[in-house]
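Not measured: the values here are computed from a predicted model. All residue numbers in this chain count up from 1 along the given sequence.
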Amino acid sequence: MVRTEFEKIKSACSILIVGGGPTGVELAGEIIFDFPEKKVTLVHSKTSQKALDWLTSKNVEVLLDQSVNLDGVSDGLFQTSNGEVIEANCQYVCTGKPMGSSWLKETFPKDSLGIHGRLIVDENLRVRDHKNVFGIRDIPDIKDMKYRYVAQKHAHIASKNLKLLLMGEKECKILKYRNFLEAALVSLGRKEGVAQFPFVTFSGCNPGKIKSRDSFVGRSRKQLGLNPDR
């Protein structure tokens, strides 16, 4: 599949990317890094100014405050909500998708799921107790869903608490969920990147060295006990 998409991008003269979140920006960066001659158009409601400056410096056409009719006006032509027509040989949809958690309804009571399809849990990441609803919340938060490292911390707390409960440990030993520092790293090609923290955003080679080299694949493999270099 990866080879197929690579060949499709390689043979295309113009590429449309719908969605300017981390996935869309990183995809645009990868394409421009390997194929600087391609005409790449990215359509989104808004995007980071740092990422926008980098994309436009690489001749990516960025259309903000617009959406795209993905059905197409005709073959290879797409119309934006502002009436602009974009010609593209291939397109990628990088917008957010609803959470695929409908299967949970078969396991848990209907009111155990929040409005976004996530389980409602207590501060220890245990599924909602219907006899005691104090302190329940829909976790992870919407903003947390963008960050893989937050999901890993959720998994660590949930698995650790499960082990403690199976071992018969007291309530005071159970770990509690807490909000983590909100931070985001977005690759811009394979040498640069954008780092966003609560009070500062910066771009360039330094954030690129943190993530853009392998997109944390080596780190993830190491956490799983695998050889990070393979």
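Side-chain contact check for His44 versus Leu42: some heavy-atom pair is nearer than 4.5 Å. By the 4.5 Å heavy-atom criterion applied to side chains, Leu16 and Val43 are counted as neighbours. Residues Asp34 and Ile9 are not in side-chain contact: their nearest non-hydrogen atoms beyond the backbone lie 4.5 Å or more apart. For the pair His154 and Leu125, the minimum side-chain heavy-atom distance is below 4.5 Å.
Counting heavy atoms of neighbouring residues, nucleotides and ligands inside a 6.0 Å radius, atom NZ of Lys8 exceeds 12 of them. Heavy-atom neighbours of Glu5 CD from other residues, nucleotides or ligands within 6.0 Å: above the threshold of 12.
Residues Phe35 and Phe33 do not share a hydrophobic cluster, clusters being chains of Ile/Leu/Val/Met/Phe/Trp/Tyr side chains in contact below 4.5 Å. In the hydrophobic clustering of ILVMFWY residues, with side-chain heavy atoms under 4.5 Å counting as a link, Leu63 and Phe78 come out together. Hydrophobic clustering, with ILVMFWY side chains joined whenever heavy atoms are under 4.5 angstrom apart, keeps Ile174 apart from Val121. Transitive grouping of hydrophobic side chains (ILVMFWY, heavy atoms separated by less than 4.5 Å) keeps Leu165 and Ile157 in distinct clusters. Residues Leu162 and Leu164 do not share a hydrophobic cluster, defined by chaining ILVMFWY side chains whose heavy atoms lie under 4.5 Å apart.
Closest approach of Gly20 to Val25, counting heavy atoms only: O-CG2, 3.4 Å. In this structure, Ile17 and Cys94 approach most closely via the heavy-atom pair CG2-SG, 4.0 Å. Here the shortest heavy-atom pairing between Glu192 and Trp54 reads OE2-NE1, 3.3 Å. For the residue pair Asp53 and Thr56, the shortest heavy atom distance occurs at O-OG1, 3.0 Å. What you find for Ser81 and Asp65 is that their closest heavy atoms are OG-O, 4.4 Å. In this structure, Ala51 and Val194 approach most closely via the heavy-atom pair N-CG2, 4.1 Å.
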- Task: Test Gln66 against Glu84 for side-chain hydrogen bond (donor to acceptor under 3.5 Å, both in side chains), laying out the working first.
- Result: CA-CA 9 Å; Gln66 298 188 56; Glu84 294 187 51; 3.1 Å; yes

- Residue pair Tyr92, Ile15: steps toward the side-chain contact (heavy atoms from CB on, under 4.5 Å) verdict: CA-CA 8 Å; Tyr92 293 93; Ile15 301 160; 4.1 Å; yes

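In this structure, Arg190 CZ and Leu188 CG are separated by 12.5 Å, a value rounded to the nearest 0.5 Å. Atoms CG and OG, on Leu52 and Ser57 in that order, are 9.5 Å from each other to the nearest 0.5 Å. Distance check: Thr201 OG1 to Gln196 CD gives 4.5 Å after rounding to the nearest 0.5 Å. Annotation: the span from Leu166 atom CG to Asn161 atom CG amounts to 11.0 Å, rounded to 0.5 Å.
At least one donor-acceptor pair closer than 3.5 Å links the side chain of Lys38 to the backbone N or O of Lys10. Counting only distance, with no hydrogens or angles, the side chain of Arg221 and the backbone of Asn227 share a donor-acceptor pair below 3.5 Å. A donor-acceptor distance shorter than 3.5 angstrom exists from the side chain of Thr80 to the backbone of Asn82, with no hydrogens or angles considered. Side-chain atoms of Lys39 never come within 3.5 Å of backbone atoms of Val60 as a donor-acceptor pair (strictly under, hydrogens ignored). In this structure, the side chain of Asp122 engages the main chain of Asn124 through a donor-acceptor pair within 3.5 Å. A donor-acceptor distance shorter than 3.5 angstrom exists from the side chain of Asn89 to the backbone of Ser14, with no hydrogens or angles considered.
A side chain to side chain donor-acceptor pair (under 3.5 Å) check over residues 17-28, counting only residues at least two apart or in different chains, returns the pairs Glu26-Lys211.
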